[in-house]
S.K.: 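Take a look at this one; I'll ask things after.
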Amino acid sequence: MPQLYVLAPVELNSAAPTCDCVAHRFGNAADHPERVRRYPSDMTDTEWAVVRPLLPVPGRLRGRGGPPEAYCHRAMLDAVRYLVDNGIKWRAMPADFPPWERVYAFFRRWRDHVLVKEFHDRLRSRIREREGRDTEPTAGVIDSQSVKADAVVGSDSRGFDGGKLINGQGFVVVPKRWIVERLFAHLMRTRRLVRDFERRTTSAEAMVYWPMILLMTRRLARP
């Protein structure tokens with residue numbers, strides 16, 4: 001059974017934390033200064049209020065062991081959103097975020113333990129519930145898009161589009177294509193997806209979930 005973010009009272013590690021994330025409540029995030037939110041991809045306070053109860057519980061709080069969370073979860077989420085939205089390299093992470101190695105470790109942990117999909121699905125269910133729909137979809141539309149691949153992408157996940165002469169996937173016309181094209185338009189607003197830079201297909205898959213998370217948190221924050 002998926003576990004939600006811990007909300008029970010607890011003795012805090014800091015005398016007066018300004019953030020209520022798990023890393024501040026149970027970890028050592030208070031040892032690092034809280035960053036000032038300044039980028040368009042940063043979550044607003046309204047978004048954070050929506051997002052926080054839906055976040056997966058860290059493994060350490062599920063009895064799996066491991067060190068305490070050292071950096072604010074809100075800062076980590078904002079860092080990944082910044083990378084995806086602006087298409088930067090991991091090592092080009094702005095200095096006001098946690099170190100890029102820690103942000104990448106956070107991204108990798110959520111990727112490998114399928115936490116990013118778990119989070120994505122919770123947001124999707126919340127949006128569908130608010131719109132008076134079933135929490136789980138009953139139908140789907142499948143399509144593909146050709147995306148140019150960087151040199152680091154391995155041959156095992158690389159194809160060739162002969163119609164478009166693009167080193168990516170093929171192209172087949174299907175009914176109701178506009179639904180998928182609208183989704184592609186949303187995804188392509190995040191620059192990290194304009195080109196495939198991922199060595200692993202699991203990373204490429206996670207990079208698709210994050211723009212949708214960004215889109216849905218903004219949608220849920222609207223009145």
Side-chain angles (χ1 to χ4, degrees), residues 19 21 23 29 32-52 54-56 69-112 115-120 123-124 127 145-154 157-158 166-169 180-222:
C19 179
C21 75
H32 301 95
E34 185 173 358
R35 63 178 293 268
V36 177
R37 286 170 285 280
R38 56 171 63 98
Y39 306 117
S41 56
D42 287 343
M43 284 184 290
T44 64
D45 291 339
T46 304
E47 281 184 272
W48 174 244
V50 171
V51 162
R52 181 185 173 278
L54 303 178
L55 291 174
E69 302 287 318
Y71 289 92
C72 174
H73 280 196
R74 183 173 180 177
M76 286 292 197
L77 291 172
D78 281 341
V80 177
R81 287 161 60 110
Y82 181 91
L83 177 133
V84 172
D85 195 38
N86 294 280
I88 65 169
K89 300 177 181 178
W90 285 105
R91 289 174 174 79
M93 189 70 65
D96 59 320
F97 286 119
W100 76 266
E101 301 97 327
R102 302 305 297 269
V103 179
Y104 178 67
F106 176 87
F107 169 86
R108 187 178 59 214
R109 184 168 65 250
W110 275 43
R111 176 199 67 193
D112 295 344
L115 297 180
V116 63
K117 181 181 184 302
E118 180 181 323
F119 183 38
H120 168 277
L123 290 171
R124 183 191 62 198
I127 286 181
Q145 184 181 44
S146 297
V147 178
K148 291 184 178 181
D150 193 71
V152 300
V153 178
S157 60
R158 182 191 295 267
I166 289 180
N167 191 7
Q169 302 150 321
V180 185
E181 294 298 336
R182 181 182 60 185
L183 174 63
F184 286 154
H186 284 307
L187 294 178
M188 290 302 108
R189 290 180 181 176
T190 51
R191 297 186 176 184
R192 183 79 183 198
L193 295 186
V194 174
R195 191 179 184 95
D196 183 10
F197 295 101
E198 313 310 323
R199 295 178 183 270
R200 301 176 54 176
T201 55
T202 52
S203 293
E205 179 183 359
M207 284 296 180
V208 175
Y209 281 121
W210 281 106
M212 292 307 301
I213 288 172
L214 192 151
L215 176 67
M216 289 190 290
T217 57
R218 288 173 173 171
R219 189 169 294 177
L220 283 172
R222 294 173 185 169

S.K.: Ala23 and Glu69: which non-hydrogen atoms are nearest, and at how many Å?
M.R.: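 Closest approach of Ala23 to Glu69: CB-CB, 3.6 Å.
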S.K.: Could you report the tightest heavy-atom contact between Ile88 and Pro94, atom names first, then the distance?
M.R.: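 Looks like CD1-CD, 4.1 Å.
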S.K.: Does Glu47 reach the main-chain N or O of Thr44 with its side chain, forming a donor-acceptor pair under 3.5 Å?
M.R.: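 Checked: pair present.
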S.K.: Decide yes or no on side chain to side chain contact (heavy atoms under 4.5 Å, CB included) for Trp100 and Leu83, but give the supporting numbers first.
M.R.: CA-CA 10 Å; Trp100 76 266; Leu83 177 133; over 6 Å; no
S.K.: Going by the side-chain hydrogen bond (donor to acceptor under 3.5 Å, both in side chains) test, name the single residue among Thr217, Asp42, Thr190 that passes it with Arg81.
M.R.: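 Of the listed options, the one satisfying the test is Thr217.
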S.K.: If we only count heavy atoms from C-beta on, is the Val103 to Val80 side-chain gap below 4.5 Å?
M.R.: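 Of all side-chain heavy-atom pairs linking Val80 with Val103, at least one is under 4.5 Å.
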S.K.: Is it true that, when you exclude Arg38 itself, more than 12 heavy atoms of the residues, nucleotides or ligands shown sit nearer than 6.0 Å to its CZ?
M.R.: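 Counting neighbours around CZ of Arg38, more than 12 heavy atoms of other residues, nucleotides or ligands fall under 6.0 Å, so yes.
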S.K.: Quick one: closest heavy-atom pair of Cys72 and Cys19, and the distance?
M.R.: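 Distance-wise, the nearest heavy atoms are SG-SG, 3.6 Å.
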S.K.: Any side-chain heavy atom of Val51 within less than 4.5 Å of one from Phe119?
M.R.: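 Side chain of Val51 against side chain of Phe119, heavy atoms only: contact under 4.5 Å found.
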S.K.: Ignoring hydrogens and angles, state whether a donor on the side chain of Tyr82 or Asp96 is under 3.5 Å from an acceptor on the partner side chain.
M.R.: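 On atom types as modelled, these side chains do not qualify, holding no pair under 3.5 Å.
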S.K.: For His32 and Ala70, indicate whether the former's side chain and the latter's backbone hold a donor-acceptor pair under 3.5 Å.
M.R.: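 Present.
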S.K.: With side-chain contact (heavy atoms from CB on, under 4.5 Å) as the test, pick out the partner of Met43 among Arg74, Arg37, Arg52.
M.R.: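 The option that passes is Arg74.
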S.K.: As an exercise, state the distance from CG of Leu54 to CZ of Arg124, rounded to the nearest 0.5 Å.
M.R.: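 One gets 13.0 Å once the value is rounded to the nearest 0.5 Å.
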S.K.: Kindly indicate, with the supporting measurements, whether the criterion side chain to side chain contact (heavy atoms under 4.5 Å, CB included) is fulfilled by Val84 and Ile213.
M.R.: CA-CA 11 Å; Val84 172; Ile213 288 172; over 6 Å; no
S.K.: Do Pro98 and Phe106 make a side-chain contact, defined as non-hydrogen atoms from C-beta onward lying under 4.5 Å apart?
M.R.: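 Pro98 vs Phe106: side chains apart.
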S.K.: Describe, in one word, how the ring planes of Trp90 and Phe107 are oriented to each other, choosing from parallel (under 30°), tilted (30 to 60°) and perpendicular (over 60°).
M.R.: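 Rings of Trp90 and Phe107: tilted, as their planes differ by 30° to 60°.
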S.K.: Taking all non-hydrogen atoms of both residues, which atom of Arg35 and which atom of Ala75 are closest, and how far apart?
M.R.: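 Closest approach of Arg35 to Ala75: CD-CB, 4.1 Å.
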S.K.: Nearest heavy-atom pair of Ala206 and Arg111: which atoms, and what distance?
M.R.: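 Taking Ala206 first and Arg111 second, the nearest heavy atoms are CB-CG, 4.2 Å.
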S.K.: Considering non-hydrogen atoms only, spot the tightest contact between Arg102 and Met76 and give its length.
M.R.: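 Looking at all heavy atoms of both residues, the shortest contact is O-CE, 3.6 Å.
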S.K.: Measure the spacing between CH2 of Trp110 and CH2 of Trp210 and express it to the nearest 0.5 Å.
M.R.: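 Interatomic distance, Trp110 CH2 to Trp210 CH2, rounded to 0.5 Å: 5.0 Å.
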S.K.: When rounded to the nearest 0.5 angstrom, what distance separates CG in Asp78 from CG in Asp85?
M.R.: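 Going from CG on Asp78 over to CG on Asp85, the span is 11.0 Å.
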S.K.: Quick check for you: to the nearest 0.5 Å, what is the distance between Leu220 atom CG and Ile127 atom CD1?
M.R.: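 So the gap between those two atoms works out to 4.0 Å.
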S.K.: Only one of Glu205, Met207, Met212 passes side-chain contact (heavy atoms from CB on, under 4.5 Å) with Tyr209; say which it is.
M.R.: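 Exactly one pass, corresponding to Glu205.
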